[in-house]
Amino acid sequence: MTDVRSPAERYAESRLHAEHAQLTAFRTGLRFDLDPFQLAAGASLEAGNSVLVAAPTGAGKTIVAEFAVYLAMQQPRAKVFYTAPMKALSNQKFQEFVAEYGPDEVGLLTGDTNINSQARIVVMTTEVLRNMLYADSDLLTNLAFVIMDEVHYLADRFRGAVWEEVIIHLPQEVRLVSLSATVSNAEEFGDWLQAVRGETDVIVSEERPVPLEQHVLVKSKMLDLFDSSGLAATHRVNPELVRLAQSGGRPPEGKVRGGRGRYHERQQFDTGRMDRAGIVEMLRGKHLLPAIFFIFSRVGCDQAVRQVLRAGVRLTEAHERDEIRQIVDERCRTLLDEDLAVLGYWEWLDGLERGVAAHHAGMLPAFKEVVEELFQKKLVKAVFATETLALGINMPARTVVLEKLEKFNGEARVPITPGEYTQLTGRAGRRGIDVEGHSVIQWQQGLDPQSVASLASRRTYPLNSSFKPTYNMAVNLIDQFGRERTRDVLESSFAQFQADRAVVDLARKARQQEASLAGYTESMTCHLGDFTEYSGIRRALTDLERETGAGGEPPSRARREKRQRELQSLRKRLRSHPCHSCPEREQHARWAERYWRLKKQTDALHQQISARTGAVARVFDRVTDVLLGFGYLVHDEHGQVRLSESGRILRRIYGERDLLVAESLQRGLWSSLDAASLAAMACALVFEPRRDEGDTSERYLPKGPFRPALGETQDLWSRIDDLERDHKLPGSNPLSVGLSLPMWKWARGGSLSDVLSEADMAAGDFVRWTKQTIDLLDQLSVVADGHVGRTARQAMDAIRRGIVAYSSVA
């Protein structure tokens with residue numbers, strides 16, 4: 001076959017081979033060639049640099065991570081850690097690496113799962129790596145690379161700080177591979193990585209590997225979102241949609257004017273909104289399955305599956321149903337028979353065999369994993385999912401359907417953001433399978449095509465730090481570096497970097513305004529005296545006169561007399577001032593008014609600058625003061641701050657309530673608890689209800705020693721909360737006991753049916769909160785002395801059973 005490349009292209013290729021021999025060897029083992037951004041990232045890694053790769057969902061960022069693993073495995077002892085934000089994603093990557101390198105070379109650490117931790121490739125959650133760094137774990141020896149998948153999670157207000165802690169504290173010789181969705185400030189984030197990690201290349205790709213065709217489903221017809229006529233400018237909204245919006249969704253004369261979109265047809269419109277079964281059948285007819293329907297409600301996802309099944313939809317052939325049953329039997333064989341009905345197993349299996357399933361956090365983790373596996377094998381063709389599916393899990397579809405462009409955020413219905421839209425539609429288009437992906441937005445009354453087009457055209461969103469010092473972070477860093485050095489370390493956070501960048505812009509604006517103030521001062525200069533002083537008296541007089549004439553509650557006689565004396569004094573000063581007799585007084589006064597207005601704005605800018613400079617270190621100082629007050633930190637004979645013995649216990653307690661847990665142990669508040677009661681207490685410390693808990697009165701709490709221990713723990717929380725607010729810290733939410741009684745019953749051997757009924761909770765949620773309870777009990781088993789430590793181990797054993805023990809990782 002003749003090589004049609006130009007001499008320059010052939011020379012560039014040969015040079016790449018020569019300079020990047022390992023990248024070339026890696027490429028030869030792939031079934032496809034690398035894209036330019038993947039080549040650039042690989043070349044940078046081989047050159048010894050760290051990289052930040054920002055690219056759309058499905059673009060192939062993980063290939064860069066796989067090359068980093070490949071580089072590590074070419075060395076005799078080098079290790080690589082792969083961190084992911086979710087346990088489900090960790091599990092998926094673990095399985096992939098095991099398939100590639102074998103079980104002996106791959107480990108998994110997710111807090112409650114420990115598999116082959118000494119392996120050279122270890123997949124873990126980011127929190128596990130943070131804890132390793134603070135403990136100076138032996139597992140860090142020979143660490144060459146850390147891969148931070150979905151690093152844009154750094155913006156998550158609950159967990160994002162962990163990403164920054166890891167990035168700041170990793171040994172300098174470790175190279176960082178950061179993989180991010182397309183964010184609008186990738187260069188800013190890259191600049192920070194360069195500052196704290198050394199040589200870091202920022203590689204940004206805006207290109208989707210599979211082009212996205214975007215449609216609006218109006219009644220039963222799919223219209224292109226953007227004008228598909230060859231004459232139209234890029235991203236011009238389809239004029240037909242604009243006319244439909246203007247007419248309230250009724251096309252003139254009941255007809256659709258034809259465009260050249262692939263799925264745009266001249267047919268009569270239906271009279272109503274198409275139901276879900278109809279959409280599934282329509283997509284099947286257009287060869288647009290498999291599809292993911294994003295519904296921002298768990299209940300909505302389950303209802304959608306039932307609606308489609310009731311309509312008699314069947315998307316599978318007989319041989320596919322046989323394969324589905326075989327996979328489900330294999331994955332679920334250890335589930336107890338008495339639990340199957342409680343878990344909705346038979347209805348779930350019926351949906352799977354017909355090619356339809358839900359996917360949301362309320363499902364048993366094992367069920368979600370089966371859905372993911374069957375979807376990847378093209379056996380399940382329609383999945384109704386919440387937006388959590390869009391975050392990292394490998395489940396691309398040919399089509400993504402959005403029923404609405406708003407979701408409930410816990411307080412109100414809000415529009416989805418451009419970033420969320422990008423994440424959701426990023427699932428559309430399977431690389432190597434589809435020529436194009438498709439997104440379908442279902443029309444509803446009030447939909448604005450221009451707003452949809454704006455949402456669809458803006459692919460980026462900013463990455464903002466959520467970093468804040470915690471008690472555990474403070475004691476760990478002070479133990480390592482001392483207080484002053486810790487302040488310096490925290491000043492290197494992305495949060496302070498962004499604040500400092502903002503300060504630069506604010507300072508520039510303040511300097512510009514100060515130059516304008518100087519100009520105003522010159523313009524109001526009076527040859528008779530200081531007009532700035534004169535205008536200040538004039539403004540004070542005007543303000544006082546305005547206050548005197550304002551309505552409201554009448555002032556007392558003494559107050560009125562005082563105000564009159566002040567007015568007389570100001571009027572006397574004004575008349576006696578040299579500038580009062582200036583013939584150009586009113587002209588000067590106009591410049592003075594501009595001066596004072598701008599000075600007020602400039603003073604406000606300086607206040608903002610002062611507030612942002614050193615903001616993170618100020619919060620750290622407040623945290624330190626609280627710890628000094630409770631005795632976790634003490635001053636030594638030289639006046640330096642160091643850890644006390646209780647501070648060393650706090651070092652090993654992680655979580656939102658680290659100080660409350662440590663102080664409860666110090667005071668012996670839980671010494672009288674048995675295993676079931678301690679499990680209920682740990683659950684109250686970690687549980688966060690999705691909505692109002694409902695009735696949590698005495699009769700809904702475990703009996704025995706739990707209630708007095710809870711009362712003492714709540715009193716302690718209240719004292720800590722008051723102290724935090726006194727120190728201008730945000731405080732924390734009260735304990736949530738809504739799941740304590742079900743957890744107590746579960747620890748005492750209660751049936752799954754009774755416990756889920758008592759909790760009024762989906763199986764997946766119960767598993768997740770039980771695993772978080774186990775995580776806290778595991779910490780207690782290590783740090784608590786004597787009885788409480790032993791009880792914590794018994795409590796872990798008591799609740800790690802049934803579906804909790806069965807759930808593999810998530």
Measure the [atom1]-[atom2] distance between [X] and [Y] for me, rounded to the nearest 0.5 Å.
{"X": "Leu650", "Y": "Leu643", "atom1": "CG", "atom2": "CG", "value": "8.0 Å"}
{"X": "Glu165", "Y": "Arg130", "atom1": "CD", "atom2": "CZ", "value": "5.0 Å"}
{"X": "Phe296", "Y": "Thr386", "atom1": "CZ", "atom2": "OG1", "value": "9.0 Å"}
{"X": "Trp670", "Y": "Phe706", "atom1": "CH2", "atom2": "CZ", "value": "10.5 Å"}
{"X": "Asp775", "Y": "Thr770", "atom1": "CG", "atom2": "OG1", "value": "12.5 Å"}
{"X": "Lys61", "Y": "Asp149", "atom1": "NZ", "atom2": "CG", "value": "7.5 Å"}

Might you work through the side chain to side chain donor-acceptor pair (under 3.5 Å) test for Tyr134 and Gln480, ending with a clear yes or no? CA-CA 9 Å; Tyr134 283 161; Gln480 281 185 280; over 6 Å; no
Are the side chains of [X] and [Y] in touch, meaning some heavy atoms are under 4.5 Å apart?
{"X": "Tyr153", "Y": "Val162", "value": "no"}
{"X": "Ser781", "Y": "Met796", "value": "yes"}
{"X": "Ser466", "Y": "Leu154", "value": "no"}
{"X": "Arg790", "Y": "Arg793", "value": "yes"}
{"X": "Val69", "Y": "Ile147", "value": "yes"}
{"X": "Val128", "Y": "Thr110", "value": "no"}
{"X": "Leu140", "Y": "Pro171", "value": "no"}
{"X": "Ser493", "Y": "Ile168", "value": "yes"}

Would you check, one step at a time, whether the test side-chain contact (heavy atoms from CB on, under 4.5 Å) holds for Phe81 with Val166? CA-CA 12 Å; Phe81 289 170; Val166 167; over 6 Å; no
Evaluate the side-chain contact (heavy atoms from CB on, under 4.5 Å) criterion for residues Glu373 and Ile327: first the C-alpha distance (whole Å), next the side-chain angles of each, then the deciding distance (0.1 Å), finally the verdict. CA-CA 9 Å; Glu373 181 178 353; Ile327 291 171; 3.9 Å; yes
Would a distance-only check, ignoring hydrogens and angles, find a side-chain to backbone donor-acceptor pair under 3.5 Å from [X] to [Y]?
{"X": "Arg120", "Y": "Val106", "answer": "no"}
{"X": "His787", "Y": "Ser671", "answer": "yes"}
{"X": "Ser757", "Y": "Ser753", "answer": "no"}
{"X": "Arg707", "Y": "Pro702", "answer": "yes"}
{"X": "His727", "Y": "Leu729", "answer": "no"}
{"X": "Asn476", "Y": "Asn472", "answer": "yes"}
{"X": "Gln496", "Y": "Val616", "answer": "yes"}
{"X": "Ser664", "Y": "Leu669", "answer": "no"}
{"X": "Gln714", "Y": "Pro734", "answer": "no"}
{"X": "Asp339", "Y": "Ile803", "answer": "no"}

Output, in order, the C-alpha distance, side-chain angles, deciding distance and verdict of side-chain contact (heavy atoms from CB on, under 4.5 Å) for Ser117 and Val122. CA-CA 7 Å; Ser117 61; Val122 185; 5.6 Å; no
Please check if the number of heavy atoms outside Asp785 that lie under 6.0 Å from its CG is greater than 12. no
On a heavy-atom basis, which atom in [X] and which in [Y] lie closest, and how many Å separate them?
{"X": "Val383", "Y": "His359", "value": "CG1-CB, 3.8 Å"}
{"X": "Met132", "Y": "Leu139", "value": "CE-CD1, 3.7 Å"}
{"X": "Leu735", "Y": "Thr713", "value": "CD2-CG2, 3.9 Å"}
{"X": "Tyr471", "Y": "Asp658", "value": "CD1-OD1, 3.5 Å"}
{"X": "Val151", "Y": "Ser180", "value": "CG1-CB, 3.6 Å"}
{"X": "Leu633", "Y": "Ser644", "value": "N-OG, 4.3 Å"}

Do [X] and [Y] have side-chain N/O donor and acceptor atoms under 3.5 Å apart?
{"X": "Gln666", "Y": "Tyr632", "value": "no"}
{"X": "Ser677", "Y": "Asp674", "value": "yes"}
{"X": "Glu338", "Y": "Ser751", "value": "no"}

One thing to verify: whether [Y] and [X] come together as a salt bridge, which I'm taking to mean a side-chain N less than 4.0 angstrom from a carboxylate O.
{"X": "Asp479", "Y": "Arg642", "value": "no"}
{"X": "Arg298", "Y": "Asp302", "value": "no"}
{"X": "Arg768", "Y": "Asp765", "value": "yes"}
{"X": "Glu663", "Y": "Arg667", "value": "yes"}
{"X": "Arg159", "Y": "Glu127", "value": "yes"}

In a table with atom names and distances, give each donor-acceptor pair under 3.5 Å that connects a side chain of residues 739-750 to protein atoms at least two apart or in another chain.
unit_1 : atom_1 : unit_2 : atom_2 : d
Ser740 : OG     : Ala680 : O      : 3.1
Lys745 : NZ     : Glu758 : OE1    : 2.8
Trp746 : NE1    : Ile799 : O      : 3.0

Can you list the steps and then say if Ile167 with Arg197 is a side-chain contact (heavy atoms from CB on, under 4.5 Å)? CA-CA 8 Å; Ile167 292 168; Arg197 301 297 317 159; 3.9 Å; yes
Name all residues meeting the ring pair (Phe, Tyr, Trp, His ring centres under 6.0 Å) criterion together with Phe494; count only those two or more places apart in sequence or in a different chain, and write none if there are none. Phe189, Trp192
Got a sec, which residues hit ring pair (Phe, Tyr, Trp, His ring centres under 6.0 Å) with Phe97, two or more places apart in sequence or on another chain? Tyr82
Would you sort out whether Glu164 and Ser465 count as a side chain to side chain donor-acceptor pair (under 3.5 Å), showing the intermediate values? CA-CA 8 Å; Glu164 286 190 54; Ser465 172; 2.3 Å; yes
